[in-house]
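Encoded as structure tokens, the structure appears first; notes follow it.
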Amino acid sequence: MAEEIKEGVSTEETEKQPEKKGLDIKNMSEKDCKKLLKALLSENEELKQDVEKYKVEALSNKDSWYRCAADFENFKKRNAETRINAYKEGKIDMVNKILVVGDNLDRALKMDLDAKTKEGIEMTARQFKETLEAEGITEINPEGQPFDPNTQEAVMQMPKEEGEETGNVKQVFLKGYKMGDRVLRFASVQITQ
């Protein structure tokens with residue numbers, strides 16, 4: 001108490017002062033310092049192991065995220081491709097259904113008709129053909145040409161006449177159609193043998 005009075009600090013005031021936090025290494029014994037150092041090194045090793053574990057986990061999560069992002073991109077591409085193909089297939093189905101209209105217009109033009117009716121059917125047939133061409137659909141009408149099994153279907157054979165070559169298309173029963181390289185309907189033909 002005499003020392004406290006000399007310094008001008010009472011006992012009550014020293015009790016009110018906050019305790020100093022941390023270690024006073026200067027006043028520790030060598031044995032205690034070694035124990036503390038051993039404990040700190042052990043804790044440091046545990047922290048290093050935790051850091052390595054979290055690095056591995058972070059890399060795994062990053063890899064999973066990249067895979068998920070790539071899968072999603074692939075899904076979007078497949079989905080876009082599926083939509084395009086579905087549109088094309090739907091268009092082809094519709095075209096195949098209306099080709100019958102063109103066949104009936106061709107048949108009507110072969111009939112005996114008055115001039116006005118024939119002119120009206122010709123205009124309709126021309127518009128039908130222009131509409132198909134605008135959609136990239138072309139006619140397969142191989143009359144007089146060599147038979148091509150890639151675009152034609154032989155439904156009849158006829159003996160060749162003098163001057164005709166074997167394997168040529170003699171008559172077209174039903175015109176074929178194609179869109180680009182894809183055959184929508186094979187031409188039904190008669191060939192010479």
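In what follows, every heavy atom counts, from backbone to side chain, and hydrogens, waters and symmetry copies are set aside.
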Under the side-chain hydrogen bond (donor to acceptor under 3.5 Å, both in side chains) test, which residues partner [X], sequence neighbours left out?
X: Asn141; value: none
X: Lys34; value: Glu30
X: Asn150; value: Asp148

I need the [X] [atom1] to [Y] [atom2] distance, nearest 0.5 Å.
X: Asp50; Y: Glu45; atom1: CG; atom2: CD; answer: 11.0 Å
X: Leu36; Y: Lys31; atom1: CG; atom2: NZ; answer: 14.5 Å
X: Asn44; Y: Gln49; atom1: CG; atom2: CD; answer: 10.5 Å
X: Lys129; Y: Glu133; atom1: NZ; atom2: CD; answer: 5.5 Å
X: Gln193; Y: Met156; atom1: CD; atom2: CE; answer: 10.5 Å
X: Lys178; Y: Thr138; atom1: NZ; atom2: OG1; answer: 5.0 Å

Atom CD of Glu122 with >12 non-hydrogen neighbours under 6.0 angstrom: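 Counting other residues, nucleotides and ligands, CD of Glu122 exceeds 12 neighbours.
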Does [X] belong to the same Ile/Leu/Val/Met/Phe/Trp/Tyr cluster as [Y], with side-chain heavy atoms less than 4.5 Å apart forming each link?
X: Val155; Y: Val172; result: no
X: Phe173; Y: Val169; result: no
X: Val101; Y: Leu184; result: yes
X: Ile137; Y: Leu105; result: yes
X: Ile140; Y: Leu99; result: no

Under 4.5 Å side-chain linkage, directly or through intermediates, the cluster mates of Phe75: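 ILVMFWY cluster around Phe75 also holds Phe72.
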Co-members of the apolar cluster containing Met158 [side chain, <4.5 Å]: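 Members besides Met158: none; it forms no cluster.
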Contacts of Ala154 that satisfy side-chain contact (heavy atoms from CB on, under 4.5 Å) - sequence neighbours left out: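 Here the qualifying residues are Phe147, Ile191.
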Partners passing salt bridge (charged side-chain N to carboxylate O under 4.0 Å, His left out) against [X] (at least two apart in sequence or in another chain):
X: Glu161; value: Lys170
X: Arg182; value: Glu89
X: Glu73; value: Lys76
X: Glu135; value: Lys91

Residue pair Thr151 / Pro142, side-chain heavy-atom distance below 4.5 Å: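 Not in contact.
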Considering all heavy atoms, the nearest Ala125-Leu109 contact: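 Reported closest heavy-atom pair: CB-CD1, 4.2 Å.
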Heavy-atom pair of closest approach, residues Asn168 and Pro146: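 Result for this residue pair: OD1-CA, 3.3 Å.
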Salt bridge (Lys or Arg N to Asp or Glu O under 4.0 Å) evaluation trace for Arg78 with Glu81: CA-CA 5 Å; Arg78 278 192 313 271; Glu81 191 174 309; over 6 Å; no
List, one per line, each side-chain donor-acceptor pair under 3.5 Å for residues 58-66, sequence neighbours excluded.
{"residue": "Asn61", "atom": "ND2", "partner": "Glu57", "partner atom": "O", "Å": "3.4"}
{"residue": "Asp63", "atom": "OD2", "partner": "Arg67", "partner atom": "NE", "Å": "3.0"}
{"residue": "Ser64", "atom": "OG", "partner": "Ser60", "partner atom": "O", "Å": "3.1"}

Residue pairs fulfilling side chain to side chain donor-acceptor pair (under 3.5 Å) with at least one residue in residues 100-120, sequence neighbours excluded: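 Those involving residues 100-120 are Asp103-Arg185, Asn104-Arg107, Asp106-Lys175, Asp114-Thr117.
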Verdict with supporting geometry, Lys55 and Val51, side chain to side chain contact (heavy atoms under 4.5 Å, CB included): CA-CA 6 Å; Lys55 277 184 183 178; Val51 166; 4.0 Å; yes
Full working for side chain to side chain contact (heavy atoms under 4.5 Å, CB included) between Tyr177 and Val95: CA-CA 10 Å; Tyr177 292 89; Val95 167; 5.9 Å; no
Side chain Thr192, main chain Pro159, donor-acceptor under 3.5 Å: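 No: the side chain of Thr192 does not pair with the backbone of Pro159.
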